[in-house]
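To keep things clear, I will list the structure first and then write my remarks on it.
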Amino acid sequence: MPLPEFLKDTDLDLALAAKLLRGGEIVALPTETVYGLAADALNAEAVAKIFAAKGRPLIDPLIVHVADLESVEKLAGAPPMLSRLAEAFWPGPLTVVLEKKEIVPGLVTAGLPTVAVRMPAHPVIRKVLWKMGGVLAAPSANPFGYISPTEARHVRDSLGEKAPWIVDGGPCLHGLESTILHLADSAGPRLLRPGPVSREQLEAVLGCPVLAGGAKEKADGEAQTAPGMLTKHYSPRAAVVLREAGAPPRLEGKFSAKEIAVVWQRRPAEKTPGAEDFWLSEDGDPATAARNVFALLRRLDGAGFAELQVELAEERGVGVALNDRLRRAAARA
Ligand code: AMP
Ligand code: MG
């Protein structure tokens with residue numbers, strides 16, 4: 001079979017995408033975070049195709065994407081806190097975990113009594129949601145555990161024929177997966193995954209503390225509170241070695257300098273002798289670095305470097321989420 005053609009952001013192509021989704025097919029769509037592999041969230045057979053294409057374990061629940069607040073109310077119980085968050089951050093890169101209603105298939109939530117919901121901002125997925133008149137389960141459009149896709153060609157490169165329909169909406173604005181906030185926890189709101197919306201921003205809007213971190217890995221086979229929290233994730237094949245912000249690279253290791261890609265948060269003042277330098281932004285802006293990180297890791301992985309030596313960001317704002325993904329990419333198991 002030939003590799004998939006890209007659909008474009010045209011009325012005709014998005015109407016086709018919506019029709020395919022209504023008919024139970026899977027379609028890769030751009031969002032402002034990363035590209036998602038979407039299916040009708042209320043059609044368990046369609047959702048099963050996502051798990052199959054990604055090789056994703058069934059214990060890993062999916063995020064449901066909606067066009068409006070009425071759709072949220074069909075899927076889940078909406079606590080009072082949600083309206084303030086929605087006003088401040090939706091449409092946008094914030095996912096909330098709510099008590100699910102009967103209508104949501106257990107496959108979507110890995111059997112959990114809660115469902116993760118997000119109203120995305122990218123015009124392509126919004127138009128497709130309106131055209132199909134439904135809700136879309138859409139995890140990142142990559143093989144399970146590999147680097148998330150931030151461009152249409154990343155989806156094709158890593159899923160090939162498993163994603164026969166891909167809409168090309170250009171590179172993603174944020175380049176990191178959404179922030180996940182648990183709102184169905186009696187102890188109060190809890191940050192399950194850092195993302196483009198920072199904990200400080202959430203606390204400012206909610207006017208109360210946001211608890212840190214979700215449950216860590218659980219015993220095999222048990223549903224995860226946030227499987228995005230698996231320690232090893234977002235992983236290139238090359239070894240990823242991290243260094244603290246501002247620290248120099250270390251070239252005396254297992255590999256020769258020319259097998260090492262030295263990655264900086266900002267363009268370095270001097271070349272690293274013997275090795276090749278790459279940078280995530282010109283000036284150290286963490287939002288730019290976040291937007292570029294997955295594409296750069298993919299490029300370097302494909303270029304055959306044995307080791308990627310990556311400088312961590314300053315641990316604040318979106319730098320927290322960026323460092324979270326880098327640490328997972330570096331985890332060996
Ligand atoms: P992905 O779209 O591949 O980044 O994965 C979706 C993320 O949403 C996963 O990491 C899940 O942990 C998280 N998620 C989905 N549903 C739930 C839920 N009911 N409770 C907690 N986390 C969830
Ligand atoms: Mg993912």
Side-chain angles (χ1 to χ4, degrees), residues 26 28-39 41 47 50-51 53-66 72 75-77 79 93-101 104-120 122 125 135-150 154-155 158-159 163 172 174-185 187 189-197 211 213-218 222-236 293-294 297-298 321 324-325 328-329 331:
I26 53 176
L29 297 173
T31 83
E32 71 278 24
T33 58
V34 301
Y35 273 71
L37 189 60
V47 171
I50 297 178
F51 285 94
K54 281 180 60 82
R56 182 173 172 116
L58 296 175
I59 56 161
D60 197 350
L62 306 178
I63 295 172
V64 180
H65 297 72
V66 300
V72 179
L75 301 171
L94 174 67
T95 296
V96 292
V97 173
L98 306 170
E99 269 167 44
K100 98 175 190 66
K101 291 187 177 165
V104 182
L107 190 58
V108 171
T109 66
L112 292 170
T114 52
V115 60
V117 184
R118 176 165 102 83
M119 191 189 294
H122 196 291
I125 188 167
V135 293
L136 292 171
S140 52
N142 55 300
F144 180 71
Y146 193 61
I147 305 166
S148 296
T150 55
H154 297 161
V155 181
S158 57
L159 285 177
C172 300
H174 296 296
L176 295 181
E177 301 79 359
S178 59
T179 303
I180 304 182
L181 184 67
H182 204 300
L183 288 182
D185 188 326
R190 192 154 52 91
L191 190 67
L192 296 183
R193 176 171 76 186
V197 175
L211 306 173
K216 288 281 176 214
E217 281 92 301
K218 296 186 178 173
E222 233 183 298
Q224 301 269 336
T225 313
M229 301 176 57
L230 289 169
T231 308
K232 181 172 163 59
H233 211 94
Y234 317 110
S235 308
V293 67
F294 285 147
L297 290 181
R298 262 178 197 268
D324 170 78
R325 305 308 190 273
R328 288 176 210 287

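In each ligand, atom 1 is the first atom listed, and ligand 1 is the first ligand listed. Bear in mind the structure is a predicted one, so any value in this text is a computation, not a measurement.
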> With a cut-off of 4.0 Å, which atoms of ligand 1 are near a heavy atom of T114?
Replying inline: 18 (C), 19 (N), 20 (N)
> Are P196 and E32 close enough that some pair of their side-chain heavy atoms sits under 4.5 Å apart?
Replying inline: no
>> Heavy-atom distances under 4.0 Å decide this one: backbone, side chain, both or neither, for T109 against ligand 1?
In response: neither
> Does an N or O from D60, backbone or side chain, lie closer than 3.5 Å to an N or O of ligand 1?
Replying inline: no
>> Can you name the atoms of ligand 1, numbered from 1 with element, that are less than 4.0 Å from a heavy atom of L112?
In response: 18 (C), 19 (N), 20 (N)
>> Under a 3.5 Å threshold, yes or no: a donor from one side chain and an acceptor from the other, between T95 and S178?
In response: yes
>> If only side-chain N and O atoms count, and only distance matters, is there a donor-acceptor pair under 3.5 Å linking S148 with E177?
In response: yes
> Which one of G36, A138, P113, P61 has a non-hydrogen atom at the shortest distance from atom 14 (N) of ligand 1?
Replying inline: P61
> Between R193 and ligand 1, which part of the residue brings a heavy atom under 4.0 Å of the ligand: side chain, backbone, both or neither?
Replying inline: side chain
> Under 4.0 Å from any heavy atom of P139, which atoms of ligand 1 are there?
Replying inline: 2 (O), 3 (O)
>> Measuring only between side-chain heavy atoms, which start at C-beta, is K54 closer than 4.5 Å to N142?
In response: yes
> CG/L191 to CD1/I180 distance, rounded to the nearest 0.5 angstrom?
Replying inline: 9.0 Å
>> Using 0.5 Å steps for rounding, measure from the CE atom of M119 to the CG atom of L94.
In response: 11.0 Å
>> For atom 8 (O) of ligand 1, tell me which residue out of I180, V104, V117 has the closest non-hydrogen atom.
In response: I180
> Looking at side-chain heavy atoms only, is the closest gap between R118 and T31 below 4.5 Å?
Replying inline: yes
> Quick check: does N142 put an N/O/S atom under 2.8 Å from the Mg ion (ligand 2)?
Replying inline: no
>> For I50 versus L37, what's the shortest heavy-atom pair and its separation?
In response: CD1-O, 3.4 Å
> Are R56 and ligand 1 in contact, using a heavy-atom cut-off of under 4.0 Å?
Replying inline: yes
>> Side chain or backbone, does E177 bring an N or O within less than 3.5 Å of an N or O on ligand 1?
In response: no
> Can you list the atoms of ligand 1 that are under 4.0 Å from a heavy atom of L192?
Replying inline: 21 (C), 22 (N)
> Hey, does H182 come in under 3.5 Å of ligand 1, counting only N/O atoms on both sides?
Replying inline: no
> With a 4.5 Å heavy-atom cut-off, do V72 and V96 have their side chains touching?
Replying inline: no
